Number of protein chains: 2
Amino acid sequence: MSDSTELFAPHNHSLCINTALTTASQLCAERGVQLTAIRQQVLELIWADHHAVKAYDLLERIKPLQSAAKPATIYRALDFLREQGFIHRVESLNAFVGCNDLKSAHEQLLLICKRCENVEERHADSVMQALAQELALAGFTAHHQAIEIHGICATCTQSNNTPSLN
Amino acid sequence: MSDSTELFAPHNHSLCINTALTTASQLCAERGVQLTAIRQQVLELIWADHHAVKAYDLLERIKPLQSAAKPATIYRALDFLREQGFIHRVESLNAFVGCNDLKSAHEQLLLICKRCENVEERHADSVMQALAQELALAGFTAHHQAIEIHGICATCTQSNNTPSLN
DNA sequence: GTTGATTTGTTACAATATAACATCTCAATT
DNA sequence: AATTGAGATGTTATATTGTAACAAATCAAC
Ligand SMILES: [Zn+2]
Ligand SMILES: [Zn+2]
Ligand SMILES: [Zn+2]
Ligand SMILES: [Zn+2]
């Protein structure tokens with residue numbers, strides 16, 4: 001039903017959400033850190049779909065649940081979720097997206113569709129290997145990478161009338 | 001004097017500046033667009049060194065020359081310089097850096113040193129080829145890429161006492 | 001129950017960026 | 001020379017994104 005070229009074709013998105021939340025919960029327990037209500041709610045809101053979400057949008061969406069929420073509320077939760085590797089920041093959008101591989105540390109390639117706004121995370125080993133060689137050649141020691149590609153995804157290219165919704 | 005592994009080792013930086021300004025001027029003439037005083041001054045300020053410069057820093061620095069300068073003054077100049085391909089935006093820093101290859105359209109890999117803050121632009125063909133393959137595999141049509149690596153550059157690794165200044 | 005670390009509340013503000021409309025400049029046309 | 005129109009700049013206001021600082025609350029361990 002879903003091969004690597006159509007990650008965002010119709011799929012059982014509750015599975016995405018459940019996996020993300022369950023795994024995050026397990027990892028927090030293992031690590032002795034707290035997945036508090038606020039943090040979990042923010043993570044859930046981020047996983048509402050596969051879009052990148054902006055901090056102030058999260059703030060609006062969490063207010064029904066946390067009436068005292070202020071910008072710091074959101075940014076603290078985002079900081080925590082990033083430190084734990086549960087989400088990625090999309091630098092070129094000032095926005096945040098759920099990580100789809102919580103089990104392994106990784107650098108990621110983000111494919112950002114301008115049409116449906118879905119963000120697909122790929123590990124793209126061949127790219128990362130070429131990059132590692134290039135960095136070695138340059139004598140550069142990498143600490144953090146942001147590789148973000150904006151364009152049109154496969155699903156939108158195929159059906160260029162109705163944007164996919166998940 | 002300067003091979004590809006030490007672009008920012010001591011070098012004749014006036015040459016960098018002169019090349020950037022002269023070439024930009026030529027290209028503007030060819031393209032029938034105006035490299036106005038403000039635009040040229042912003043480009044010069046960006047090329048003061050190899051750091052990424054923030055818009056509001058540019059605003060402060062241009063005020064002695066353009067006392068009426070406001071945020072829009074800078075952002076308009078930056079928009080123009082980006083459209084013409086004279087500068088790149090560093091998404092992960094909200095900052096701007098001069099392009100070091102005005103003659104050819106290109107995607108670029110930016111190596112951002114946390115220590116000396118220099119930004120080295122590399123074209124990294126092998127990375128771009130691997131990336132093109134990965135995008136083809138994903139059925140993704142790229143319109144714009146941001147590939148930004150944060151870490152420690154070769155020069156700073158070698159002499160880890162005094163940050164290089166250019 | 002006390003303690004100490006973590007989390008959250010709260011206020012204020014900093015930093016980054018854009019919208020909207022008025023004015024200016026300057027070259028082409030009349 | 002006056003008119004005009006496009007591009008550039010001036011100007012004001014505001015939107016968006018993100019942090020600092022300190023107080024209060026929570027919670028787990030002792
Ligand atoms: Zn991830
Ligand atoms: Zn799409
Ligand atoms: Zn230089
Ligand atoms: Zn360039």
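Since the structure is predicted, the reported quantities are computational estimates derived from the model, not experimental observations. Quick note: numbers below take in every heavy atom, side chains included, and nothing from hydrogens, waters or symmetry partners.
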Atom [atom1] of [X] to atom [atom2] of [N]: distance rounded to whole Å?
{"X": "A/Phe80", "N": "C/dT8", "atom1": "CZ", "atom2": "P", "value": "9 Å"}
{"X": "B/Tyr75", "N": "C/dT16", "atom1": "OH", "atom2": "P", "value": "7 Å"}
{"X": "A/Ile38", "N": "D/dT26", "atom1": "CD1", "atom2": "P", "value": "12 Å"}
{"X": "B/Phe96", "N": "C/dT16", "atom1": "CZ", "atom2": "P", "value": "10 Å"}
{"X": "A/Glu91", "N": "D/dT17", "atom1": "CD", "atom2": "C1'", "value": "13 Å"}
{"X": "B/Lys70", "N": "C/dT16", "atom1": "NZ", "atom2": "P", "value": "19 Å"}
{"X": "B/Ile62", "N": "D/dT9", "atom1": "CD1", "atom2": "P", "value": "10 Å"}
{"X": "A/Gln40", "N": "C/dT7", "atom1": "CD", "atom2": "C1'", "value": "16 Å"}

Exercise for review: Identify whether any heavy atom of B/Ala72 sits under 4.0 Å from a base atom; if not, whether one sits that close to sugar-phosphate; answer base, sugar-phosphate or nothing.
Suggested key: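 Touches a base.
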Check your understanding: Quick one: on DNA chain D, does B/Asn94 or B/Ala37 contact a more 5' nucleotide (nearest heavy atom)?
Key ->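 The 5'-side residue here is B/Ala37.
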Check your understanding: Is it true that B/Val90 and B/Tyr56 fall in one hydrophobic cluster, defined by side-chain heavy atoms closer than 4.5 Å?
Key ->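 Not linked; separate clusters.
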Exercise for review: Please check if A/Leu59 and A/Ile87 belong to a single hydrophobic cluster, counting links between Ile, Leu, Val, Met, Phe, Trp and Tyr side chain heavy atoms closer than 4.5 Å.
Suggested key: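 As far as the 4.5 Å side-chain criterion goes, A/Ile87 and A/Leu59 are connected within one cluster.
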Check your understanding: Can you check whether B/Tyr56 stacks with the C/dT16 base, using ring centres under 5.5 Å and planes within 30°?
Key ->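 The ring of B/Tyr56 is stacked on C/dT16.
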Point to revise | Geometric class of the B/His13/B/Trp47 ring pair [parallel <30°, tilted 30-60°, perpendicular >60°] | key: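 Answer is tilted, since the angle falls between 30° and 60°.
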Point to revise | Mutual orientation of the aromatic rings belonging to A/His50 and A/His11 [parallel < 30°, tilted 30-60°, perpendicular > 60°] | key: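 Plane angle between 30° and 60°, so tilted.
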According to a strict under-4.0 Å criterion, is [X] in side-chain N/O contact with OP1 or OP2 of [N]?
{"X": "B/Thr36", "N": "D/dT9", "value": "yes"}
{"X": "A/Gln34", "N": "C/dT6", "value": "no"}
{"X": "A/Arg39", "N": "C/dT7", "value": "yes"}
{"X": "A/Lys54", "N": "D/dT17", "value": "yes"}

Point to revise | Main-chain N/O of B/Asp49 paired to B/His51 side chain as donor or acceptor, under 3.5 Å | key: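 Answer holds: no.
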Point to revise | Which nucleotide in C/dG9, D/dT9, C/dT7 has an atom nearest any side-chain atom of B/Arg76 | key: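 Side chain of B/Arg76 sits closest to D/dT9.
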